[in-house]
Amino acid sequence: METFWFIAIATVLAIFFILDGYDFGAGIIHLFFAETEKDKEVITKSAGLFWDSNEVWLVAAGGMLFMAFPTFYASVFSGFYLPLIIVLWLIIFRAIGLELRGQFKFQMWKDIWDKSFGVSSLLLALFFGIALGNIVRGVNLGGVENGVSTYEGHYFFLPLWDSSFSPLSKTPGIIDWFTIIIGLIAVVTLAIHGANWIILKTNSSINSKLKIIIFRLNIALAVLTVFSLTVWNTVNPNSFDNFGHKPYLLLFPIIYLTGLIGLFFIKKLKKDIHGFVLSTLLILGGITSSLASLFPVILPSVNTTHEPLTIYNTSASEYGLSVALNWALIGFVLLGVYFIVQKRLMAGKIDNMDYGH
């Protein structure tokens, strides 16, 4: 039952990053490449018409995590308290940037909320990547100092960074050079995804330019990927053992590589949907590969005093998991209906749809 819930939550999180990921990416593209008012308006619209429904998946993932793995939920929501508050504020400013931009026609008003939308989207992508970096690197469970725990073994608290700025520190911070690398990978990946979404859903004047941008970003992503894999094994030794012991898990890196290699041919793709599918594979493959490399661990420990958190030592009781399953099935049906109806209503190009007026 624990494995089922792990897969279910991983699936919902992957869906969230695929769907809301193109909103983050659209914000990044808007910040750096949108120049004319018409392009700014239509790119804003490509995110604004979808962001609220996409974030439902994040709420669902949080609820499922609370139901299935309450100890893990309590651990990460206390340990990552500071970055979670930052993420919350960024989500708020991204949303109000989208909602308030079109309320008045004053250029200064639009510029303020354009920056709010773009900068918040960029930082959200960066912080979610940094969060993944913390998960694969591990944390100082129990707050061990000089071999002595300062609190219970499944709790931790991290500063934003420590003086060494190193992932190899015994008391690492949230931000170090390794988590920054993972954060940059997230920013580049979601920028690619957002660019493909804009091409798919709009007739923006920069669509042809975006294919060149995607190609260049993909080169940067390939370099960052190789570099991150090189240092990952240093930061978390034996991190790739799962793929040797369970060869079927190699499917997930193959999904990532399919998207990465395919996007080098973005200029030759005849249908817009193909580019979007390839960037979707990037996100899906990246998240699942990271989780597969750790399984059944869901939060490694950087000290030897306390064991890592796994799906087994953080889960609810068997009875609790079975009861939660009944409610989850109802929730999945409602989510599915909501998703299908919303996507059908917003099918095709959205240039002429109203938003923010």
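Worth knowing before you read on, the calculation uses all heavy atoms, side chains too, and leaves out hydrogens, waters and symmetry mates. Bear in mind the structure is a predicted one, so any value in this text is a computation, not a measurement.
Counting heavy-atom neighbours within 6.0 Å of F66 CZ, excluding the residue itself, gives a total of 12 or less. Residue F104 places its CZ atom among 12 or fewer non-hydrogen atoms of other residues, nucleotides or ligands, all under 6.0 Å distant. Counting non-hydrogen atoms of neighbouring residues, nucleotides and ligands closer than 6.0 angstrom, the CH2 atom of W177 exceeds 12 such neighbours.
Using cut-offs of 30° and 60° for the angle between ring planes, the W197 and F276 rings count as tilted. Using cut-offs of 30° and 60° on the angle between ring planes, the pair F128 and F24 is parallel. Using bins of under 30°, 30° to 60° and over 60° for the plane-to-plane angle, the ring pair F178/W232 lands in the tilted bin. Using bins of under 30°, 30° to 60° and over 60° for the plane-to-plane angle, the ring pair W113/W109 lands in the perpendicular bin.
Following chains of ILVMFWY side-chain contacts shorter than 4.5 Å, one can reach L309 starting from F77, so the two form part of one hydrophobic cluster. There is no path of hydrophobic side-chain contacts, each under 4.5 Å, that joins I43 to I112.
A donor-acceptor pair is defined here as one N or O able to donate and one able to accept, closer than 3.5 Å; such a pair exists between the side chain of N54 and the backbone of F50. Remark: side-chain polar atoms of T288 are paired, donor with acceptor, to backbone N or O of G285 under 3.5 angstrom.
Ion pairing between a basic and an acidic side chain is recognised when a charged N comes within 4.0 Å of a carboxylate O; E41 and K105 show no such pairing. Salt bridge present: D20 and R94 bring a charged side-chain N and a carboxylate O closer than 4.0 Å.
Checked by atom type, the side-chain pair T171/N140 shows no donor-acceptor distance below 3.5 Å. Counting only N and O atoms by type, the side chains of T44 and H30 include a donor and acceptor under 3.5 Å apart.
With F33 as the aromatic partner, K209 does not meet the cation-pi criteria of under 6.0 angstrom to the ring centre and within 45 degrees of the ring axis.
Taken from OH in Y73 to CE in M67, the straight-line distance is 11.5 Å, to the nearest 0.5 Å.
For F156 and Y151, the distance between ring centers is not under 6.0 angstrom.
Considering V297, I298, T3 as possible partners of Y312, the one that fulfils the side chain to side chain contact (heavy atoms under 4.5 Å, CB included) test is T3.
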